[in-house]
Amino acid sequence: MNPFGYPDEVWRLFTEAPRAGLLEGPGTRTGSAATPANRSRLQLSARVAGARVEDAKFQAYGCPTAIAVGAWLAERAIGRSLDELAAIGAAEIRQALEIPEERLHCALLGEDAIKSLCRSAPGRDG
Amino acid sequence: MIYLDYAATTPLDPAVFEAMLPYLKPDGMHGNPASDHAAGKRARQAVEMARHQVAALIGAQAGEIVWTSGATESDNLAIKGALEFYAGRGQHVVTSMTEHKAVLDTCRYLETRGARVTYLKPGADGRVAPEQVLEALTPATVLVSLMWVNNETGVIQDIAALAPRLRERGVLLHVDAAQAAGRVAIDLREVPVDLLSLSSHKVYGPKGMGALFVRKKPRARLAPQLHGGGHEQGMRSGTLPTHQIVGMGAAFRIAGERLAEEGAALGRLRERLWARIRELPQVFLNGEGAPRVPGILNVSFGGVEGESLRASLPDLAGSSGSACSSATGESSYVLRALGRDDDLANASLRFSLGRFTTEAEVDQAAEQVVTQVRRLRALAPA
């Protein structure tokens, strides 16, 4: 039931929140972003093995669209290289989740978080 | 769907529905109450019976009840009508920042027409102290408009303490009692309110129906805002909707009969709901410390975002702190005036319980809220 009229994929990802959580430890990277005034916050974490992302999780505070963006990016990251992830932009996120114009900031939040993840240094042992 | 939005509107009581039915059928009860023939007379008798029933709930005389289309119209008629009629006295109104939009928007409109309005800020508990009102009075003050019960928080203003002090000073008092009628005991023989707005659909009556109490002794005067036939002692023209009026009368009669018993039952249900919700950390009761009507519980939830909170509860028909927040993204101006920050005001839920609310519904609602708040908090980054 989606009585509030969110796009179907946003609603699914918001209600199911697949891949919610935080990865820590050796070989993990984290990236985070926030909207002005901290109204939405998104954190992505990924474990990279070789050149590819082996596992990814997200944490988010914000509206359902912001949460859905985090879940989508975590799903999307698995199996991809950091270079591929760094190429994900707001337009792609928006299109995949059918995010309307007035929620563009949520797609931008996602773009900032994924770029932050790709720039981050991998975690060390211990 | 669990309906906990009785402060927004109530379902029609089945007995009200039955009372209205004869006046919707085309068999002789359809006359115009203003007509002299038998059908008109029958309708008029029904209208006058309802007038007595509405008056009885608030300790008024039947002749002091003016039918309107709802509390919004009553508020408009009271405030605009008084300022227009008493224009010679001045053009100053005192009200509060937490009034219903029907009062606030009317005041804003009057400001564009040259009136001056003082918007009092209530204390953190939502109450406006009578002294605050008295201090705001000027020689040009015509009217004070304060709601008896706040629609978002359920906080009860001390109208009984304020009214006599305004009477001494010759300032009219208008009270929006849309949320108060049928929920708190009102006796206008004891409390010298001059004008009082009433709504039918908050009391299990039909929508599109309301009334304005206009005191006869001493007489409060109003300039009519609707012209066309001089109905309702010249204060509100328009053919009377007999079936709606009969419904409002029946609803108010039932409300009077059940006031004490229903209040006690709702109070128990409300406390049951709060007891479960308050097990969560970082929850804040709005209007805490102030007397509140038993059916309303307004809670702000720390650590969750408001829109996600509401979206997480699709089976719960409650309301955000703000009636307008889902449309405009603005947080509740009422909760903001009480000192809640923007995030907390936005992450607020109003649960309003009513005649048909069950213990099972309250338990289910509490469970859903607790589960979803925990889920959203767990999703958030540290």
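Below, each value reflects all heavy atoms present in this structure, side chains not excepted, and no hydrogens, waters or symmetry copies. Residue numbers start from 1 in every chain, and the chains themselves are labelled A, B, ... in the order their sequence lines are given, proteins ahead of strands.
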Structural part of [X] lying under 4.5 Å from a heavy atom of chain B:
| X | answer |
| --- | --- |
| A:Ile67 | side chain |
| A:Pro3 | side chain |
| A:Tyr6 | side chain |

Looking at residues at least two apart in the chain, or sitting in another chain, which of them share a side chain to side chain donor-acceptor pair (under 3.5 Å) with [X]?
| X | answer |
| --- | --- |
| A:Asp112 | none |
| B:Ser308 | none |
| B:Asp315 | none |

In terms of heavy-atom pairs under 4.5 Å with chain B, which of A:Gly70, A:Cys63, A:Ala66, A:Ala20 leads? A:Cys63
Choice from A:Phe58, A:Trp11, A:Phe4 maximising heavy atom contacts with chain B below 4.5 Å: A:Phe4
Around [X], counting heavy atoms of other residues, nucleotides and ligands shown, do more than 12 lie under 6.0 Å from its [atom1]?
| X | atom1 | value |
| --- | --- | --- |
| A:Arg52 | CZ | yes |
| B:Tyr119 | OH | yes |
| A:Glu102 | CD | yes |

Please report the closest heavy-atom contact between A:Gln59 and B:Ala380, naming both atoms and the distance. NE2-O, 3.8 Å
Name, in order of residue number, those residues of residues 364-376 of chain B that have a heavy atom at a distance of less than 4.5 Å from a heavy atom in chain A; otherwise write 'none'. B:Arg375, B:Leu376
Top of B:Ala382, B:Ala311, B:Ala378 for chain A proximity - count of heavy-atom pairs under 4.5 angstrom: B:Ala311
When rounded to the nearest 0.5 Å, the distance separating CD of B:Glu307 from CZ of A:Arg39 is 11.0 Å
